[in-house]
S.K.: 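Okay, handing you the structure first.
All values reported here derive from a predicted model rather than from experimental measurement.
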Amino acid sequence: MAALLAAAGAAMSFATVLIQSDYLREDLDQRVTEAAERHQAALHLPTGGLTHLGFLSLPGQPIGTLGARVDSSGRVPAAGVVTDEGRLRVLSAAQRAALGGITADGSLQTRVIPGLGEYRLTALDGDGVLVIAGLPMADVQCLTSRLIVAEVVIAGAGLTVAGCVGAVVVRRQLRPLGRVAATAVEVARVPLDRGEVSGLSRVPERDTDPATEAGQVGVALNLLIEHVERSLAERQRTEERMRRFLADASHELRTPLASIAGYAQLMTGGTGELDPELAWRRVSAQSARMTGLVEDLLLLAHLDEGRPLSMAEVNVATLIAEAVWDARVAGGDHLWQVVLRLDASVSVTGDHARLQQVLANLLANARVHTPAGTRVTVTAEATDAECVVRVHDDGPGIPAAVLPSVFERFTRADASRARTAGREGGTGLGLAIAAAIVRAHGGRVEARSEPGDTEFTVLLPLARHAPQESRGR
């Protein structure tokens with residue numbers, strides 16, 4: 001800033017001196033021309049010859065005015081100057097020689113007169129009589145020099161004051177940026193690679209004014225810190241879910257493995273307390289249960305990796321009919337109902353087997369966690385862009401504490417939807433698999449529940465050429 005101010009001040013001072021110097025010189029030239037005209041006008045007075053300089057004695061002649069007579073041969077026979085006392089002083093031959101060669105065309109020239117300094121001179125010809133008039137340039141030079149000194153002093157003082165004030169103002173304006181930097185350093189010292197991270201420092205509100213550059217940096221840093229804190233909190237939750245997932249998976253796998261090991265030990269021991277055929281059936285059942293769990297976990301892993309599915313057009317009515325028919329066979333003690341509010345040709349683009357698994361898991365969830373006699377209704381309808389499938393039951397409902405995490409892995413309800421005696425129990429992966437499959441198809445699944453009114457809603461994008469919604473039933 002100081003360098004820029006100095007450059008600007010120098011340019012302004014140079015321009016001022018140049019303009020003022022030109023103005024002073026023009027004024028001097030004008031006065032020289034007027035002096036020559038006065039001298040020429042005075043020639044009608046008795047002159048006493050070419051050596052007479054009476055016109056310099058006229059009243060009103062400025063101090064330092066120079067006058068000279070030029071003969072026909074171009075020589076200067078007489079020349080004089082008005083002294084400080086107002087008297088006429090005749091110039092010497094050497095001084096007169098410096099006046100030679102000035103033409104009478106009205107132009108102005110600068111000559112150095114020995115002993116007198118620089119003069120601004122002009123020559124006029126009147127009635128064949130040539131006169132030279134001139135004025136010293138010392139006053140112009142003195143004024144120019146004084147102007148230069150004044151400009152330097154003023155510019156130097158102004159630059160010093162501006163530099164000091166600018167330094168104070170800039171440092172004061174940069175204080176918020178220093179506090180922002182201190183906040184960034186404080187956050188950088190926090191160990192973010194382990195443990196729970198929360199309560200990171202923030203830039204104070206006074207340093208987050210978006211109208212200033214430092215405030216904009218403060219706002220951006222606060223947004224970055226909030227993003228980091230949210231990301232770390234999500235990482236912590238992910239790690240906790242992963243630990244819980246591994247613990248639940250280990251527990252689910254340990255139970256059938258323990259049963260298989262126990263029956264195998266009994267069969268190896270050859271005890272007569274257990275029928276080998278019964279033991280083998282139990283081993284096969286536990287093995288199938290463990291295989292199903294591993295396959296579910298593998299399916300979730302594939303869906304998490306985003307592996308492509310086998311995509312084709314799937315007829316919605318056929319899909320629902322097959323799923324409800326299978327559920328009716330498995331749960332004959334429930335009341336099953338299908339309501340189709342769409343045209344029979346409505347289809348979605350997806351993997352038929354996986355979409356059937358979604359409906360199968362939702363229907364199995366309703367069958368396993370509700371008592372006999374519960375009514376389960378599957379409703380399907382189509383909007384302009386989506387196919388909506390709802391699975392509704394009038395069972396006891398999902399506890400409010402479980403509902404927010406009902407689609408998470410290994411989530412199970414409490415006694416209100418616990419495993420009914422005599423029925424198979426789930427692993428808590430069915431709804432998680434259904435949600436993952438629906439997301440892989442570009443849709444979403446929602447759940448709401450109250451006692452006597454539980455509904456799962458699946459929304460899938462329609463195939464591009466699917467017809468508009470039909471209200472036929």
Side-chain angles (χ1 to χ4, degrees), residues 174-251 296-309 358 386 398-414 427-449 456-461:
L174 290 181
R175 286 177 186 173
L177 193 58
R179 292 191 289 267
V180 171
T183 302
V185 171
E186 185 178 352
V187 172
R189 291 175 178 172
V190 177
L192 305 178
D193 58 338
R194 60 186 180 275
E196 183 178 358
V197 179
S198 61
L200 296 177
S201 300
R202 298 290 196 279
V203 177
E205 185 176 357
R206 61 175 179 169
D207 297 331
T208 57
D209 183 6
T212 64
E213 288 79 2
Q216 294 171 8
V217 175
V219 171
L221 182 60
N222 278 348
L223 291 176
L224 176 62
I225 294 173
E226 290 175 4
H227 175 69
V228 170
E229 200 169 59
R230 287 195 303 269
S231 300
L232 293 175
E234 181 61 29
R235 185 202 68 182
Q236 184 72 16
R237 288 192 294 268
T238 302
E239 292 177 353
E240 292 177 356
R241 287 196 298 267
M242 181 60 67
R243 286 193 291 267
R244 187 170 63 250
F245 171 77
L246 293 175
D248 291 339
S250 300
H251 174 76
D296 288 345
L297 293 175
L298 184 61
L299 174 60
L300 285 172
H302 288 171
L303 293 173
D304 289 342
E305 291 176 359
R307 293 193 180 183
L309 299 173
V358 170
E386 290 181 323
I398 304 173
V402 179
L403 188 59
S405 60
V406 71
F407 293 110
E408 294 183 6
R409 298 166 189 184
F410 295 108
T411 297
R412 298 187 183 89
D414 58 11
T427 60
L429 294 177
L431 295 180
I433 291 174
I437 293 174
V438 172
R439 284 196 300 269
H441 284 78
R444 63 188 187 278
V445 60
E446 302 169 352
R448 64 172 183 81
S449 180
F456 288 87
T457 303
V458 177
L459 299 99
L460 292 170

S.K.: Is Glu446 paired with Arg448 through a side-chain N to carboxylate O contact shorter than 4.0 Å?
M.R.: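 Glu446 and Arg448: not salt-bridged.
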S.K.: About how many Å separate CG of Asp207 and CD of Glu205, when rounded to the nearest 0.5 Å?
M.R.: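 The CD atom of Glu205 sits 10.0 Å away from the CG atom of Asp207.
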S.K.: Check Pro404 against Ala400 and note the closest heavy-atom contact, atom names and distance.
M.R.: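 The answer is CD-O, 3.2 Å.
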S.K.: Quick check: closest heavy atoms across Ala434 and Val358, and the distance to 0.1 Å?
M.R.: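 It is O-CG2, 3.9 Å.
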S.K.: Which heavy atom of Val445 sits nearest a heavy atom of Val438, and at what distance?
M.R.: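 Heavy atoms of Val445 and Val438 come nearest at N-CG1, 4.1 Å.
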S.K.: Which value, rounded to the nearest 0.5 Å, describes the distance between Arg179 atom CZ and Leu174 atom CG?
M.R.: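 It is 11.0 Å, given to the nearest 0.5 Å.
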S.K.: Under the rule for side-chain hydrogen bond (donor to acceptor under 3.5 Å, both in side chains), what residues qualify as partners of Ser201, not counting sequence neighbours?
M.R.: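 Here the qualifying residues are Glu186.
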S.K.: Mind listing the closest non-hydrogen atom pair of Asn222 and Val203 along with its distance?
M.R.: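 Closest heavy-atom pair between Asn222 and Val203: OD1-N, 2.7 Å.
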S.K.: Are there more than 12 heavy atoms of other residues, nucleotides or ligands under 6.0 Å from atom CD of Glu234?
M.R.: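 Yes.
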S.K.: Measuring from Leu232:CG to His227:NE2, what's the distance to the nearest 0.5 Å?
M.R.: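 Reported to 0.5 Å precision, the distance equals 9.5 Å.
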S.K.: Roughly how far, to the nearest 0.5 Å, is the CD atom of Gln216 from the OG1 atom of Thr208?
M.R.: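 One gets 11.5 Å once the value is rounded to the nearest 0.5 Å.
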S.K.: What distance separates Leu431 CG from Glu408 CD, expressed to the nearest 0.5 Å?
M.R.: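 Between atom CG of Leu431 and atom CD of Glu408 there are 11.5 Å.
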S.K.: Once rounded to the nearest 0.5 Å, what's the spacing between atom CZ of Arg202 and atom CG of Leu223?
M.R.: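 Interatomic distance, Arg202 CZ to Leu223 CG, rounded to 0.5 Å: 9.5 Å.
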S.K.: Identify the heavy atoms of His441 and Ile437 that sit nearest to each other, and give their distance.
M.R.: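 Looking at all heavy atoms of both residues, the shortest contact is ND1-O, 2.8 Å.
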S.K.: How close do Pro461 and Gly442 get, heavy atom to heavy atom, and via which atoms?
M.R.: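 So the two residues come closest at CD-O, 3.9 Å.
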